[in-house]
Amino acid sequence: MFFVNRHGWSEALAGIKSPHVKYICPHAPFMPVTLNMNMAMPSWFDIIGLSPDSQEDEVGIKKAAENVKALIDQEVKNGIPSNRIILGGFSQGGALSLYTALTTHQKLAGVVALSCWLPLRTSFVQGAVGVNKEIPVLQCHGDCDPLVPLMFGSLTVEKLKSMINPANITFRTYSGMMHSSCIEEMMDIKQFIDKHLPPVD
């Protein structure tokens with residue numbers, strides 16, 4: 001499983017790891033971010049604003065997705081079939097995981113999208129998703145998230161339902177959760193991973 005993170009999530013995942021699953025947690029590079037007064041911070045791409053109609057860093061998003069696809073290709077070369085790979089991430093990492101899964105040529109096992117949104121959502125037309133039209137998606141969001149409001153999650157799940165099989169999308173919300181995680185969410189993630197990456201005999 002690839003968990004496209006910023007910092008701290010490898011520790012959070014330690015409590016739910018399954019022994020037969022390899023976890024790879026690449027860190028975002030440091031780069032100047034417009035929303036952060038152009039100061040450098042760990043970021044996969046530039047963030048210009050936090051409203052649904054904010055301008056997006058299309059070049060940066062596509063470049064970051066290509067980097068994740070290269071990591072997937074490397075694991076496939078190492079002998080792990082792509083349909084045994086789940087992409088996941090929190091916030092910007094979740095956004096990048098969704099975008100990558102919907103644009104890759106590799107058939108994946110699933111996506112875990114936490115407290116995030118679908119980048120460049122207007123560039124996706126109905127039915128334009130390639131090999132991952134049937135991909136299972138676990139999307140999770142706190143109902144008190146001040147940074148990426150629950151509305152972003154709701155808009156994302158509605159967009160996803162127009163692109164991939166709605167029966168394969170699970171949208172979970174957590175009462176009182178802010179831009180963070182909780183035990184219930186971690187248990188939902190574990191259940192999703194165990195379901196879609198069962199042990200191989």
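If you're wondering where the values come from, they're calculated on a predicted model, not measured in any experiment. Just so you know, residue 1 is the first one in the sequence shown, and it goes up from there.
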Checklist entry - Just wondering, do R84 and V200 contact through their side chains at under 4.5 Å, heavy atoms? => result yes
Next on the checklist: Let's go through L50 and L147 carefully: what are the C-alpha distance in whole Å and the side-chain angles of both, what is the deciding distance for side chain to side chain contact (heavy atoms under 4.5 Å, CB included) to 0.1 Å, and is it a yes or a no?
Outcome noted: CA-CA 8 Å; L50 283 180; L147 196 61; 3.7 Å; yes
Next on the checklist: Apply side chain to side chain contact (heavy atoms under 4.5 Å, CB included) to residues M177 and S115 and explain how you reach the verdict.
Outcome noted: CA-CA 10 Å; M177 190 173 88; S115 305; 4.3 Å; yes
Checklist entry - In terms of hydrophobic clustering (I, L, V, M, F, W, Y; side-chain heavy atoms under 4.5 Å; direct or indirect links), are W117 and I48 co-clustered? => result no
Checklist entry - Rounded to the nearest 0.5 Å, how far apart are CG of L102 and CZ of R121? => result 14.0 Å
Next on the checklist: Measuring from atom CG of D145 to atom SG of C116, what distance do you get when rounded to the nearest 0.5 angstrom?
Outcome noted: 10.5 Å
Item to check | Atom of G49, atom of L35 and distance for their closest heavy-atom approach | outcome: CA-CD1, 4.0 Å
Next on the checklist: Could you measure the distance from the CD atom of E158 to the CG atom of L118? Nearest 0.5 Å is fine.
Outcome noted: 13.0 Å
Next on the checklist: Going by salt bridge (charged side-chain N to carboxylate O under 4.0 Å, His left out), name the pairs with one or both residues in residues 33-45, residues two or more places apart or in two chains.
Outcome noted: none
Checklist entry - Between atom NZ of K17 and atom CG of L13, what is the distance when rounded to the nearest 0.5 Å? => result 7.0 Å
Item to check | Residue pairs passing the ring pair (Phe, Tyr, Trp, His ring centres under 6.0 Å) test where at least one lies in residues 159-186, sequence neighbours excluded | outcome: F90-H179
Item to check | Closest non-hydrogen atom pair, P149 against H141 | outcome: O-NE2, 3.4 Å
Checklist entry - F124 and V131: same hydrophobic cluster, using ILVMFWY side-chain contacts below 4.5 Å? => result no
Checklist entry - Quick one: do I80 and V111 end up in the same hydrophobic cluster if we chain Ile, Leu, Val, Met, Phe, Trp and Tyr together by side-chain heavy atoms under 4.5 Å apart? => result yes
Next on the checklist: Applying side chain to side chain contact (heavy atoms under 4.5 Å, CB included) to N38 and V33, what does each step give before you reach the verdict?
Outcome noted: CA-CA 5 Å; N38 275 331; V33 173; over 6 Å; no
Next on the checklist: With side chain to side chain contact (heavy atoms under 4.5 Å, CB included) as the criterion, how do I189 and L138 come out once you've worked through the C-alpha distance, each side chain's angles and the decisive distance to 0.1 Å?
Outcome noted: CA-CA 8 Å; I189 296 166; L138 173 63; 4.2 Å; yes
Checklist outcome for this item: Quick note, ring pair (Phe, Tyr, Trp, His ring centres under 6.0 Å) partners involving residues 182-201, not counting sequence neighbours, are F192-H196
Checklist entry - Does a side-chain heavy-atom distance below 4.5 Å link D57 with I47? => result no
Checklist entry - Are any non-hydrogen side-chain atoms of D188 and T170 less than 4.5 angstrom apart? => result no
Next on the checklist: By the side chain to side chain donor-acceptor pair (under 3.5 Å) test, which pairs, at least two apart or in different chains, include something from residues 60-75?
Outcome noted: K22-E75, E58-K62, E66-K69, K69-T103, D73-Q106, Q74-N78
Checklist entry - Does the ring center of Y99 lie less than 6.0 Å from the ring center of F45? => result no
Checklist entry - Is the closest side-chain donor-acceptor distance between Q139 and T156 under 3.5 Å? => result no
Checklist entry - For the atom pair CD1 (I16) and CD (Q191), what is the distance rounded to the nearest 0.5 Å? => result 11.0 Å
Checklist entry - Of all residues at least two apart in sequence or in a different chain, which pass the side chain to side chain donor-acceptor pair (under 3.5 Å) check with S54? => result S51
Next on the checklist: So if I apply the side-chain contact (heavy atoms from CB on, under 4.5 Å) rule between I85 and each of T104, L108, L71, which one comes out positive?
Outcome noted: L108
Next on the checklist: I'd like to check P42 versus H27 (side-chain heavy atoms, cut-off strictly below 4.5 Å). Are they in contact?
Outcome noted: no
Next on the checklist: Please give me the minimum heavy-atom distance between L87 and A101, naming the atom from each residue.
Outcome noted: CD1-N, 4.0 Å
Checklist entry - In the hydrophobic clustering that connects Ile, Leu, Val, Met, Phe, Trp and Tyr at side-chain heavy-atom distances below 4.5 Å, which members other than M37 occupy its cluster, ordered by chain and number? => result M39
Item to check | Interatomic distance, N36 atom CG to M31 atom CE [nearest 0.5 angstrom] | outcome: 11.0 Å
Checklist entry - Does D46 use its side chain to pair, donor to acceptor, with the backbone of G60 at less than 3.5 Å? => result no
Checklist entry - Can V59 be reached from L96 by stepping across I, L, V, M, F, W or Y side chains whose heavy atoms are under 4.5 Å apart? => result no
Checklist entry - So, S18 versus D194: side-chain donor-acceptor pair below 3.5 Å or not? => result yes
Checklist entry - Just wondering, do N165 and I135 contact through their side chains at under 4.5 Å, heavy atoms? => result no
Checklist entry - Would you call W44 and P26 a side-chain contact if the rule is heavy atoms closer than 4.5 Å? => result yes
Checklist outcome for this item: Between N83 and A109 the two heavy atoms that sit nearest each other are O-CB, 3.2 Å
Checklist outcome for this item: Scanning both residues in full, the closest heavy-atom pair of Q92 with S43 reads NE2-OG, 3.0 Å
Next on the checklist: So L197 and I86, do their side chains get closer than 4.5 Å, heavy atoms only?
Outcome noted: yes
Checklist entry - So which heavy atom on I61 is nearest to which on P119, and how close? => result CD1-CB, 3.8 Å
Checklist entry - Under a 4.5 Å side-chain heavy-atom rule over Ile, Leu, Val, Met, Phe, Trp and Tyr, are I24 and V76 clustered together? => result yes
